[in-house]
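Structure record follows, encoded as structure tokens.
Note that ligands are numbered from 1 as they come in the structure, with each ligand's atoms numbered from 1 the same way.
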Amino acid sequence: MTRIDLYSNDTHRTQVVSLWQQVFGHAGGHNDACVAIDKKVEANDGFFFVALRDGRVIGTTLAGYDGHRGWLYSVAVHPLYRQRGVGSALVAHAEAALTRRGCMKINLQIVSGNESVAAFYEALGFAVEPRVSMGKKVAANIPGA
Ligand SMILES: CC(C)(COP(=O)(O)OP(=O)(O)OC[C@H]1O[C@@H](n2cnc3c(N)ncnc32)[C@H](O)[C@@H]1OP(=O)(O)O)[C@@H](O)C(=O)NCCC(=O)NCCS
């Protein structure tokens, strides 16, 4: 039985770090798992969700809402538990939370090379949009940068 809950403790922290390392790889800099978790917890916005099975974290998603757009990040399910609706449930859970906050549109980004995952999001009502995504790192806030 899988349930979705708010991220809330150090056990979740250890298990999320392990999951993200397995699913996304050993990223550093602004994508370092520990830094990302600490900053999201500090934001205390109620948008850090974990999928739990027998008390263990098997999936995550982060959401964000800035008053204009909602965003989804870090949608991940442990390889052993894929194709059972966990990823869809995580996205639906985050979408419902964003909807309750008044969000009118939810965006997400897919990194180059992972385009096939668009099919997963399209099944949930998302559409690929003609946009050029840009970003700028803020070195002053990135440990070790
Ligand atoms: C994408 C992901 C979260 C889906 O989790 P999940 O629990 O397997 O999702 P669900 O069981 O709810 O849905 C599975 C459906 O999505 C489709 N899907 C999932 N990943 C896919 C991919 N990379 N390419 C194409 N289709 C994909 C499956 O084929 C399945 O479709 P079906 O029901 O028609 O067979 C999971 O595959 C994952 O963690 N992937 C690696 C991380 C990642 O790419 N995250 C997205 C970052 S933008």
*Counting only N and O atoms by type, is there a donor-acceptor contact under 3.5 Å from the side chain of H93 to the main-chain atoms of A89?*
no
*State which residues pass side-chain contact (heavy atoms from CB on, under 4.5 Å) with A36; sequence neighbours excluded, sorted by chain then number.*
W20
*asked:* Per the side chain to side chain donor-acceptor pair (under 3.5 Å) rule, what does the pair list look like for residues 127-145, sequence neighbours excluded?
replied: K105-E129, Q109-S133
Write none if no such pair exists; otherwise list each N/O atom of ligand 1 with its protein N/O partner under 3.5 Å and the distance.
from, atom 1, to, atom 2, distance (Å)
ligand 1, 7 (O), G87, N, 2.8
ligand 1, 8 (O), Q83, N, 2.8
ligand 1, 11 (O), Q83, N, 3.4
ligand 1, 11 (O), R84, N, 3.2
ligand 1, 11 (O), G85, N, 2.8
ligand 1, 12 (O), S88, N, 2.8
ligand 1, 12 (O), S88, OG, 2.4
ligand 1, 23 (N), S116, OG, 3.4
ligand 1, 24 (N), S116, O, 3.0
ligand 1, 24 (N), S116, OG, 3.2
ligand 1, 39 (O), V77, N, 2.8
ligand 1, 39 (O), V77, O, 3.4
ligand 1, 39 (O), R82, NH2, 3.4
ligand 1, 44 (O), N114, ND2, 2.8
ligand 1, 45 (N), V75, O, 2.7

*Looking at D45 and R101, what are the two nearest heavy atoms and their distance?*
O-NH2, 2.7 Å
_Taking transitive links into account, so neighbours of neighbours count too, which hydrophobic residues share a cluster with Y65 at under 4.5 Å side-chain distance?_
I4, L6, F47, F49, I58, L72, V75, V77, L80, Y81, V86, L90, V91, L98, I106, L108, I110, V117, F120, Y121, L124, F126
*What heavy-atom pair brings A145 and A139 nearest, and what distance separates the two atoms?*
CB-O, 3.9 Å
